[in-house]
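Numbering of residues begins at 1 and proceeds along the displayed sequence.
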Amino acid sequence: MTDDKVQSYDIPKTCKGGVVVNEGPDFHVEVQDIPTPEPGPTDVLIKLNATGICHSDIHFMLNDWAMPKMSALGTKCAGHEGAGVIVKVGDQVKKLKPGMRAGFKPIQDTCGACELCRSGQECYCASAVLTGLMCDGSYKQYVVSPERYTTIIPDGVNDYIAGPIMCSASTIYTSIKESNLKPGDWAVFPGAGGGVGMQGVQLAKAMGLRAVAIDTGDDKEKLCKEVGAEEFIDFKKVDNVAERIIRICDGIGAHGVFVTAVQTYPSSVSYLGGRVGGKVMCIGLPPTGTQHIDVDPTQMCSKKQSIQGTLVSSMADVDKTLDFAKRGLLKPIYTVYPLSKFNEAVQKLRRGEIAGRAVVDFNQDSSASQSPHGRAEASSSRAPSGRSSNGKQPAVEDDHSDEEALLADDSLNSNLSEQISFKRKPKPTPSSLLPRFLAGSFTSPRNTPSPRAQQSRLQHLRSPHSTTNNGNSNGNYSTEPTLNCFDTPGDAGSHLSDTKDASGVDWYVEGPGRRVGYDDLTAIDWIFEYAKERQRLRYLYSGATGLLGTIKQLADASQVWIILVAAGVLSGGIAAFIDVASDWLADLKTGYCSSVEGDGRFYLNKGFCCWGIETGDQCADWQEWGSAMGIGSVSGKWIVEYIFFILFSVLFAACASLLVREFSPYAKHSGIPEIKTVLGGFVIRHFLGGWTLVTKTLGLCLAVASGLWLGKEGPLVHVACCSANLFMKLFGSVNGNEARKREVLSAAAAAGISVAFGAPVGGVLFSLEQLSYYFPDKAMWSSFVCAMVAAVTLQAFNPFRTGKLVLYQVTYHSGWHDFEIVPFALLGILGGLYGGLFIKLNMSIASWRKDRTYLKGPVTEVIIASSITALINYPIKFMRAQASELVYILFAECADLTEDTLGLCKSGKANTGVIALLLISAVLGILLAGFTFGLQIPAGIILPSMAIGGLYGRAVGLSVEVFQSAFPHLFIFSSCEPDVPCVTPGTYAIVGAASALAGTTRMTVSIVVIMFELTGALTYVLPIMIAVMISKWIGDAISPRGIYESWIHFKGYPFLDNRDDDGSSIPDVPAAHVMTRIEDLTAISATGHTIQSLREMLQAHRFRGFPVISSSQEQEGDALLLGYISRTELLYALSLTTSKSLPADTECHFSHQPLSDPNTSLDLRPWMDQTPITLNARASFQLTVSMFQKLGLRYVLFTERGMLRGLLTKKDVWYVLNGMEDETWDESEEHVDAGVGGGVRRGGLREQRDGIAEWSEERGLLGTPMEEEEDSFIGAGLEDERERRAG
C-alpha cells in the first residue's frame, strides 16, 4: 500500500534463526539467538514472517553436492524461500521503503553486468551468490538483500505461499515456460505430490496444459486431482508407468516431462514415447553422481526430442509466478510449523513425510503444526488464534485507497437531529392548535424522545471520555459557510453516538448496519440507499406537521427540481458557448474577420462576419490567410492556406489534449461508457467534478475546431451530468444518497442530447434506452423537464442567429415513393456493416494503441493524428468542412441551399465524380474516426457516424436520382410526377445517418425520434425506422456490443446490464462452481477478538469485507453465518475507540454477549450487516446473475441451513461472464486514472479460475461519500489544483 509516511520498526540486536549443527548425514537444525545483520548502503533489511523448506536446503546441510560446506563459507543458516517485510533500508536505497512486503530468493545477488544478467538469465551468473550456502539464508528471521535484486510481494498473496514461490513454484513455472508447450499439450509430473510438483500441476492447468500426475497414495491422488491433474498414476499400483502415460497421452506420448522426483530420471525419456518434439525438463537435483538419464541418440534425432535443465528462476519469472498466486491460480498447499519445531519440519521433509510444502512461521513460538493442506492457513502477520480463518479472500488489494480519508466521516452523521432507527416511530399528537400549526423546525413531536433525553437515560452506559461524532477530532471539513455544502457529505444522521449507545440504531434488531460511505471504484448498495431514503422521508413526514412542516416537505420535494432546472440552464449555456467558440476557432483555420467595410470584428466567425451577404466571395471583411499575407497567385494562396489549416488544426488538438492531461484525465473520450457504469451503481471519483466540467467544455471547443473526426454530442451528455453533480452538492439529502444521485444523473443526461440535437424528447428516450440502469416512472418526467429547460436555454441564446437549436436542422418539402423502400433498406444494410466493422476496427486500434511501445505520449499521439487528418481533410472539399456544416449540406434539399459549395446539386453525369468523392470521403472518414475515437481528447462518435452515414446516404441518393433521370419511364417510376424532382438525395443522407448511428450505438427508438425532431418530417419516420431496424440486426450479427458497451468491456468496468435478457451467455452451472468457497475466505468469528487483534488482522489483510461466522473453525456445519462487515466500517468503528480511551486489549464481539461489560468491551454489531442477501448454496448461477442485475447487489453469500458455504461478488460475476469470450485482461493503461492496476485472468468456472476471489469485493467496498471533494474547483485557483495534483 502506497503511503507517504515512512514506517519505522524496532529492530532487535539479536534474532531467532535455524542454525545448522553437525553438517553431514547426522545434521539437525537448532533454533538459536544470532546477531541481527546490518544492511549496507544499497541493501534492505527484511524481517521474515515465514520461510519455506526446500530439498535444496537438505542437500546443502547434508553436503552431498559437489560444493563447499556451508561452514567453510561462514554460513550458519540455510533456506532460500523467505517472505516478510522490509524494516530498514540503506542510505542509497532509492525505491524500496520500510513497510513494503519482500521476498528472499535462492540467488541473493549477481554481478548485474555480464551477458547472462542482462539477458534475464542472471541465475546462471558466474558471480551469483547462492542463498543458504554462500550467505545466511531464510532460516534466519532478519536477512539482508540488495535493493536491485529484491522481489516485492503483491498484496493478495500471503507469506505462506509467497515464500515457496521464491524457489519451488517459480522454478517450475520457468521450466514450463521454457518447454514452449502450447495449451492442450500433455505435461507429465513425476513426483506431483511434492511441493514443487503440486505447484507445477496448478501452473500447468493455469497455462492451459493437460497435467498427468505421478505419485503414490490415495491422499496425494485426491490432492493432485483437486488442484488440476486430469489423470493420476500411482506408480506402486501400475506395472508399466510409461505404457500408461503413452495410452493417456493420445496413444503417442507426453509433450513434456517435468521431473521433480529425482528417482524417475532413468525412466523419464520413455514417458515421451513417440511424441515428436517431446522434452524432458530436469528440475529436481539429486546428490552428485546418483542419477543418470540414458538416451538413444537415434531416438533423439528421429523424434526431435530433447532434455533440458532448469536451475532457478529469474526475477521476472518470480514476479510472473506471484501474479499467478495473486489471481488465485496457485493454491497454498503447505504444512505450517512453529519456530520451535524447525528441526522437526526439516527432518520430516527429508524423510518425505510432508505433502506439499513445509513452511516455518517465525511468529509462532510453540503450537501444533497446522495442515489442512494449507487451504485456510493464516497469513504471515496473523492475529491470535480464534480471530479469523484465513486463506484467499474475495477482495481486491487496494494499494491506492486513502483509509484516513475514509475514516474521517460517517455517513450517518450530519443531517438528522436524531438517530436512524428501523423501528416505525409513533406519529406526534400535538395537544393544541398552535403547536399543530407551528410544528416543524421549532418544536419536537411529543412522542419522539430527544437525543439529550436519550443520552441522559443511558449515561450509566457511557465511558467518561466518550464523545459523539460531532466532536470528531479528525475535522477534515472546511469551516467556511460558503464551501461547507461542497465539503460536507450528505449523510443520514447528525448525532452519532458511540457503539454502546442504545439511543442510536436499534442494533440489537437485525438490520443493514451503519455505513461510512463509498470509496473510489466501488459498487453502491442500492438496497441500503433506498432503505436509507425511505427512513429519511419517514422521519421527515412524521416530524413535520402544520404550515411549517408543509413548507419543509415542499422544500425537500423541490430540491431535485431545482437541481434539474439549474443543470438544464447550465447545460444549455455551455452548449451555446461551445457552438459559438468552436465555430469561430474552426473558421480561424481558413481566415479571420477584419473591418474592411467597417462592420467586421476579429472575434466573429465567417458566418457572422459575412451576415446578410449572399455568397462568401462577396464578403470583403473576411480575409483568407493567403490574401491577408498578400500572395497573389492562386497556387501560392492554396499552399499558404493549406499550411495555416494544418498548423491551426494541430495547435487546437494539442491544446485540448494538454488540458485533459494536465487538469482532468476523465475529460477524455465521450464519457458515455463511464456514465453508463456510474448509473449502473459504480463510484468513479472526480469523473463528474468541477475540473472535469471546465476541462471538457474548453477541450470540446478546441477538439471540434481542430477538424478531427469527432463530435461534441456524446461529450455534451457528460457535460450535463457534471452540471447536475455540481448543483447536487448544494443539497445534502440528494448528494448523500447514491441511488438518488443516479436518478438525477439519468435525468440530466437527457439534457445533453437535448442541446446536442435540439431534440428534448429524443434526449429522454436516449437516457432511457442507452444510459439508465434504473429508470422509474418519475425519472421520465424529471428527464423531460431537464431536457426541456436545456433546449429552451439554448433557444434563448440562439447561437446561430437562425432560430435553430443545431446547425443541421433541416426541412423537407417533398415526400418519398414506394420504390425508394429498396434503397432505404440498402442504407440500413450499409449502416449495419459500417457499425459492426467500425467497432471492430476501433477496438483493434485501441488494443494496438495500448500495447505498442513507440510514440506512447497521449499529446504526441494527438498531434500525429491531427496532422494526418488535416493533411487529408484540406484537399477534399467534403472533408475540409466542419462536421456539423457537412451534415447540414448533406441533409439539405438543394432548393434550401443559397450556395452549392460542395457541388452536390449538379445534375446528370456531372454527379458521377461527386458520387465517387462522397464514397471516398466516407471510407476515409471511417478510418480517421476509428483512430480518433479513443485519443486522450474530448471526443464523441455520434456526429462522425452521422457524417459518414450522410456521405454514403447522399451517394446512394444521387445514384438513384441519376438512374431515375436516365430511365424516367420505367414502371417502378410510374408514381413520379412529370417536371417535378422525383428523388430528394438529402433524405437519403438523413436515412443513411440514422442507419450509421444505429449500427454504431445500437439505439433504435431514440434515433428515430431524434431524426424526426431534426427534420420535422413525419413522412420520413417509416424509412428511418426501416433503416434503423435493419442496421441494428446486421450490426448485432457482426459485433454483439455497441460502441459504448465495447469500450466498457475494453476498460474493464464491472457493468452488468440489467436489461440483458440473453441467458445463453450465462453458464448453466450451479453457483457453487463459481463462488469462492468458505475454505478460501477470510471470515471473522463472533468472539475471541480484541481491538489490537482486529487491527492486526486489517493490517495483515487488505481485503475489503469479511463474513462473520459463529465459530473460527472451518469444519462442516460450524460456520453459522451471522452477517457481513465491510473493512471500512470495521476500521471506522475501531477508530472511535481512541476517543473513548479504550485499551488495545479491549474485548470485541459480533454477537450478543449478555455478560459483557459495556465499559470494558466493544460491540461491533452496529457496524455489521446482519441481514446480507443470501442464496442457497445449490442455487443456479443464472439465478445469481439475475439477482445481481435486477437488484444491483455487490455481493451474495451462499448458505446451507444457515451455514456459510461461499461468497460471490459483482466483479466475480463480471469476470465469469466476460471470461467466456476473453482469456486475458490487462488494464495497466486504461485504469491508471482509476487506480486499478495490474492484469487479471478472466476465467470461466471455478475449475478454470479457482481463487478468483482475490479480486472480489469491488476493490475497496466502502469508503467516504465525499465524492470529488478534492476535485472541487470552487474557491481554489487553477494553478493550485495543478500543483496539488502534481504533489
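Of all the heavy atoms in Ala576 and Phe797, the pair that sits closest is CB-CB, 3.7 Å. Between Gly950 and Leu890, the shortest heavy-atom contact is C-CD1, 3.6 Å. Listed here is the closest heavy atom pair of Arg1041 and Ser1046: CB-OG, 3.5 Å. Smallest separation of non-hydrogen atoms from Pro985 and Glu961: CG-OE1, 3.6 Å. In this structure, Pro968 and Phe973 approach most closely via the heavy-atom pair O-CB, 3.7 Å. Looking at every heavy atom in both residues, Leu827 comes nearest to Gly953 through CD2-CA, 3.7 Å.
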Could you go through Leu841 and Leu927, starting from their C-alpha distance and side-chain angles, then the distance that decides it, and tell me whether this counts as side-chain contact (heavy atoms from CB on, under 4.5 Å)? CA-CA 8 Å; Leu841 171 67; Leu927 297 175; 4.3 Å; yes
Under the side chain to side chain donor-acceptor pair (under 3.5 Å) criterion, do Ser670 and Tyr1044 qualify, and how do the steps go? CA-CA 9 Å; Ser670 71; Tyr1044 301 129; 5.0 Å; no
Cys619 and Cys609: disulfide bond (SG atoms under 2.5 Å apart), yes or no, with the steps? CA-CA 8 Å; Cys619 182; Cys609 186; 4.6 Å; no
Could you go step by step and tell me if Ile948 and Tyr834 meet the side-chain contact (heavy atoms from CB on, under 4.5 Å) rule? CA-CA 9 Å; Ile948 292 168; Tyr834 155 73; 3.7 Å; yes
Evaluate Val956 against Leu830 for side-chain contact (heavy atoms from CB on, under 4.5 Å), listing each step before the verdict. CA-CA 10 Å; Val956 171; Leu830 292 176; 4.2 Å; yes
Residue pair Val914, Phe878: steps toward the side-chain contact (heavy atoms from CB on, under 4.5 Å) verdict: CA-CA 10 Å; Val914 176; Phe878 290 121; 3.9 Å; yes
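Between the side chain of Asn873 and the backbone N or O of Gly707 there is at least one donor-acceptor pair closer than 3.5 Å. Formation of a donor-acceptor pair under 3.5 Å by the Ser995 side chain with backbone atoms of Val1028 is not found in this model. The backbone N or O of Ser594 lies less than 3.5 Å from no partner atom in the side chain of Gln623, so there is not a single donor-acceptor pair. A donor-acceptor distance shorter than 3.5 angstrom exists from the side chain of Ser582 to the backbone of Asp579, with no hydrogens or angles considered. A donor-acceptor contact shorter than 3.5 Å is absent between the side chain of Lys696 and the backbone of Pro938. Formation of a donor-acceptor pair under 3.5 Å by the Ser706 side chain with backbone atoms of Ala703 is found in this model. No donor-acceptor pair under 3.5 Å is formed between the side chain of Asp583 and the backbone N or O of Asn605. A donor-acceptor contact shorter than 3.5 Å links the side chain of Trp584 to the backbone of Phe602. Looking at Trp625, its side chain does come within 3.5 Å of a backbone N or O of Leu588 through a donor-acceptor pair. Put simply, the side chain of Thr932 gets close to the backbone of Leu928: a donor and an acceptor are under 3.5 Å apart.
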Could you list the donor-acceptor pairs under 3.5 angstrom formed between side-chain atoms of residues 750-760 and any protein atom two or more places apart in sequence or on another chain?
| from | atom 1 | to | atom 2 | distance (Å) |
| --- | --- | --- | --- | --- |
| Ser754 | OG | Ala787 | O | 2.8 |

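Remark: Thr1019 OG1 to Trp816 CH2 distance equals 9.0 Å, nearest 0.5 Å. Here the CG atom belonging to Leu745 is positioned 10.0 Å from the NE2 atom belonging to His718, to the nearest 0.5 angstrom. Atoms OG1 and CD1, from Thr1001 and Ile672 in turn, are 8.5 Å apart once rounded to the nearest 0.5 Å. Atom CZ of residue Arg1002 and atom OG of residue Ser1039 lie 5.0 Å apart, to the nearest 0.5 angstrom. In this structure, Gln882 CD and Asp587 CG are separated by 7.5 Å, a value rounded to the nearest 0.5 Å. To the nearest 0.5 Å, atoms CG (Leu708) and CG (Leu702) are separated by 11.0 Å.
Considering only heavy atoms from C-beta on, Ser866 stays 4.5 Å or farther from Phe652 through its side chain. Counting heavy atoms from C-beta outward, Val717 and Gln770 have side chains that stay 4.5 Å or more apart. Within the 4.5 Å cutoff, no side-chain heavy atoms of Lys712 are placed close to those of Val719. Between Val764 and Met780 there is a side-chain heavy-atom pair separated by less than 4.5 Å. With contacts defined as side-chain heavy-atom distances shorter than 4.5 Å, the pair Gln964/Cys976 qualifies. Between Val1005 and Leu768 there is no side-chain heavy-atom pair separated by less than 4.5 Å. A 4.5 Å side-chain heavy-atom check between Thr697 and Phe577 finds at least one atom pair inside the cut-off. At a threshold of 4.5 Å between non-hydrogen side-chain atoms, the residues Leu1022 and Phe824 do not count as touching.
Heavy atoms from other residues, nucleotides or ligands lying under 6.0 Å from CZ of Phe1012 number more than 12. Under a cut-off of 6.0 angstrom, the local environment of CE in Met843 is crowded, with over 12 non-hydrogen atoms contributed by other residues, nucleotides or ligands.
By the side-chain hydrogen bond (donor to acceptor under 3.5 Å, both in side chains) test, Glu820 is found to be paired with Tyr988, residues two or more places apart in sequence or in another chain being considered.
Annotation: Tyr874 is in aromatic contact with Trp638 [ring centroid separation under 6.0 Å].
Note: His817 and Phe819 have parallel aromatic rings, judged against thresholds of 30 and 60 degrees for the angle between ring planes.
Considering Val789, Leu564, Leu794, Ile574 in turn, Val789 is the only one that fulfils the side chain to side chain contact (heavy atoms under 4.5 Å, CB included) rule with Val569.
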